[in-house]
Amino acid sequence: MKYNAGEYDAAVIGAGHAGCEAALALARLGKRTLLFSISLECVANMPCNPNIGGTSKGHLVREIDALGGEMGKVIDKSFIQSRMLNTSKGPAVHSLRAQADRKKYQQIMKQTLEKQENLFIKQAEIVNIEVEDEKIKAVETNVGAIYNVKTVVLATGTYLKGKIFIGETSFESGPDGVFPANKLSEVLKSLNIKLRRFKTGTPARVNKRSIDFSKMEIQEGDEEIVAFSFENELEKRPQEPCYLTYTTAETHKIIMENLHRSPLYSGDIEGTGPRYCPSIEDKVVRFKDKPRHQIFIEPMGLGTEEMYVQGMSSSLPEDVQLAVYRSLPGLENVEFTRPAYAIEYDCVEPSQLKLSLELKNIEGMFFAGQINGTSGYEEAAAQGIIAGINASRKIDNKEPLILDRSEAYIGVLIDDIVTKGTNEPYRMMTSRAEYRLLLRQDNADLRLTSKGYDVGLIKEERYNNFLNKKHNIEKEVERLHKTIIKPTEKNNNFLIKHGTTPIETGVKLVDLLKRTELDYKKLEEIDTERPRLCKQEKEQVEISVKYEGYINLQMAQVETFKKLEKKKLSEKINYLNIKGLSLEARQKLDAIKPNSIGQASRISGVSPADISVLLIYMEHQKK
């Protein structure tokens, strides 16, 4: 029996990492928001690896925080190990990664949602989305409750027609044995939304008691703990170790002998899997020349003995999995608590979306997370906060917040999936960002806090603290450019001590700081009149000085990029009628409807010659 359950501004379908950020953004911007989950036990669940951040993903978490999101704050409260990755390389690729207490992370995020004003959390499956005159009207639950809403954010993760594969066994299920969402796929198809089938997987969980850690390499956390949230300063705390082991020749032999039992190779799995996170059988087949592969053993929390075996994702039968795992040093007697599995699910073709993450042909319908063909908690949360912000701005008849490729990794992520589409689960990588020296994790607040303040998610106190930090950095860089260090005996002895050339005439502090042998901290010995700065401010001063030449070069490249982005294209252009465009360009441009010449230039199949035709067309339209 159906009944009217009330009027709300927005409904967020799915309470994974995308749904949590979308719902919080909407509610904090004053919108009466519903958040639906098939099971409230799975709010902010980590069905795969129990960590947040990592290479390029740490950048996304920092950007979410700078915009006013929650993921960074929650992992700062719930991590059990913290490490800064890639520290031997330049600051552009430094990435923070934290091992999470999985249950604690869930509990903190769930309680944050429960306490949020304007947010109403419901355990229910959405089985219908009502659309009238190409606008969102209502959502309906499996028990007949109909909620009238103005916008919807779909953040269903891997639940749409989810199907689990363990060897020859397969069954309908979402992650961690939760019911799948089987009806919503057909609803989306009825709304002329194109779906595709993707696959991902997760390793087995094992009992800590059954592991011999003496045969493994220990992986400790960093001595100096760095927070994800720019609002936090973290004190030193006890950390849990992770461990490293390796596959063996026996591991590879067992896998090759049992490939015919893997649904990946028997043809039972139709979906496309992630290239950058392959199963162990994929690794062994694709990299036959490699004698071994790294395997990390990671704790899943302080209140459990379960360990996560990173690098051993598999869809092989459980008996084969067990033999494979027991061929690794330290896992000879390992006992499974949960076997590895592959999961196949429906997702949308993301080129159907605008850069705001709103569907092109239905007003008020937004998509975020793995339903858009991406993989990873961080990628999902990044889309979630943007979808939530833009759903709110849609209700208020405001222009959407669109971050471009020169402003944020979030901008790169969304531009990539919307402009280029994706033939496999999309994973963020530093190599995807053309301007990565400008898009560092350490300066995410300097890039995005003002935008978070403008949309209403950054409060006055935090914004004033940010402005003060920005002022201190700029003032100190200016001082370094003006301050002259004289060639005194004391100063030259200091330079010689640090293995760098003494000076014969006065030299600006900024030029000394650019020397590879020196850093901001060392220069304190001869720079006695420097102001008191916090650690983050000192870091920004040093990076902006040492990499000044490279930064200026990228800034010039960004200016060229911005010129093409400013050449806006109307959604009403009929590309099929523009003479001079190649047939492929006409079809691709008409399907994607780019919002600028810059975006058009990044569409696969649109050549420089096609861009020239478009520029000429625009000039004719002006005249």
Side-chain angles (χ1 to χ4, degrees), residues 14 16-19 21-22 47-49 52-61 63-64 71 95 153-160 162 175 193-202 269-279 282 313 342-359 366-387 402-405 407-434 436 439 588 591-592 594 599 602-605:
H17 303 283
E21 295 292 349
C48 198
N49 52 325
I52 296 292
T55 302
S56 76
K57 293 168 178 278
H59 292 65
L60 291 171
V61 182
E63 290 178 355
I64 293 163
M71 178 175 265
S95 292
V153 178
L154 282 100
T156 52
T158 59
Y159 283 84
L160 284 188
I193 297 169
K194 295 175 187 172
L195 301 183
R196 62 194 320 168
R197 200 81 172 145
F198 274 1
K199 177 214 73 110
T200 188
T202 190
I269 291 179
E270 301 168 11
T272 307
R275 187 191 324 177
Y276 302 103
C277 189
S279 65
D282 256 358
S313 171
I343 182 168
E344 201 176 58
Y345 56 96
D346 284 349
C347 56
V348 303
E349 169 50 60
S351 62
Q352 298 168 99
L353 308 178
K354 301 175 185 178
L355 290 171
S356 62
L357 295 180
E358 184 182 21
L359 193 70
F366 293 80
F367 291 77
Q370 282 186 269
I371 192 172
N372 286 343
T374 60
S375 67
Y377 313 142
E378 303 82 2
E379 290 90 337
Q383 294 168 71
I385 191 170
I386 296 298
I402 294 174
L403 302 175
D404 71 39
R405 301 181 73 88
E407 293 174 314
Y409 268 74
I410 296 175
V412 174
L413 161 63
I414 294 174
D415 185 64
D416 274 354
I417 62 172
V418 170
T419 305
K420 303 173 184 176
T422 181
N423 294 320
E424 61 189 28
Y426 177 100
R427 180 181 178 178
M428 193 70 247
M429 295 182 291
T430 52
S431 60
R432 296 191 192 274
E434 305 93 316
R436 56 185 172 274
L439 307 183
K588 293 283 183 69
I592 294 171
Q599 189 188 0
R602 295 188 293 277
I603 297 172
S604 175

Test side-chain contact (heavy atoms from CB on, under 4.5 Å) applied to I402 - qualifying residues, sequence neighbours left out:
L355, P400, N595
Taking the side chain as every heavy atom from C-beta outward, state whether T55 and M429 have any pair of such atoms under 4.5 Å apart.
no
Salt-bridge test for D416 and R602: reply yes if a basic N is under 4.0 Å from a carboxylate O, no otherwise.
no
Which pair of heavy atoms, one from A368 and one from I371, lies closest together, and at what distance?
O-CG2, 3.5 Å
Please round to the nearest 0.5 Å and tell me the distance separating atom CZ of F366 and atom CG of L359.
10.0 Å
Let me confirm one number: the CD1-CD1 distance from I385 to I64, rounded to the nearest 0.5 Å.
6.5 Å
Is there side-chain contact between Q370 and C347, with at least one heavy-atom pair below 4.5 Å?
no
Test of understanding: with ring-ring contact (aromatic ring centres under 6.0 Å, His included), list the residues that count as partners of Y409, not counting sequence neighbours.
H59
Check ring-ring contact (aromatic ring centres under 6.0 Å, His included) between H17 and all other residues, then give those that pass, not counting sequence neighbours.
Y105, Y377
Where A18 and A380 come nearest, the two heavy atoms and their spacing
CB-O, 3.2 Å
Looking at NZ of K420 and CD of Q599, how far apart are the two atoms once the value is rounded to the nearest 0.5 Å?
11.0 Å
So do the side chains of V412 and R436 get within less than 4.5 Å of each other, counting heavy atoms only?
no
List in chain and number order the residues that pass side-chain contact (heavy atoms from CB on, under 4.5 Å) with S313, two or more places apart in sequence or in another chain; answer none if no residue qualifies.
P203, S279
Any donor-acceptor pair under 3.5 Å linking the side chain of E378 with the backbone of G53?
yes
Let me confirm one number: the CD1-OG1 distance from I343 to T200, rounded to the nearest 0.5 Å.
8.5 Å
Side-chain donor or acceptor of S95 paired with backbone N/O of G58 under 3.5 Å
no
So which atom in G369 and which in T374 form the shortest heavy-atom distance, rounded to 0.1 Å?
O-OG1, 3.1 Å
Rounded at 0.5 Å granularity, tell me how far CD1 in I603 sits from CD1 in I592.
4.0 Å
Determine whether P47 and T202 make a side-chain contact, defined as any pair of heavy atoms from C-beta on separated by less than 4.5 Å.
no
Just so I know, are the side chains of F198 and Y345 near enough to count as touching, which here means a heavy-atom distance under 4.5 Å?
yes
Contact between I414 and L403 at the side-chain level, heavy atoms closer than 4.5 Å - yes or no?
no
Ignoring hydrogens, what is the shortest heavy-atom contact between R432 and M428? Give both atom names and the distance.
CB-CE, 3.7 Å
Roughly how far, to the nearest 0.5 Å, is CD1 of I417 from CG of L357?
6.0 Å
Between R197 and L160, the two heavy atoms sitting closest are NH1-O, 3.8 Å
Side chains of D415 and D404 in contact at under 4.5 Å (non-hydrogen atoms)
no
From CA spacing to verdict: side chain to side chain contact (heavy atoms under 4.5 Å, CB included), N372, Y426
CA-CA 9 Å; N372 286 343; Y426 177 100; over 6 Å; no
Just jot down the side chain to side chain donor-acceptor pair (under 3.5 Å) partners of T158, sequence neighbours excluded, or say none.
none
Sequence-distant partners of E349, side-chain contact (heavy atoms from CB on, under 4.5 Å), two or more places apart:
K194, R196, S351, Q352
If you take all heavy atoms of T430 and S56, which pair is closest and at what distance?
N-CB, 3.4 Å
Is there a donor-acceptor pair closer than 3.5 Å between any side-chain N or O of E63 and the backbone N or O of I410?
yes
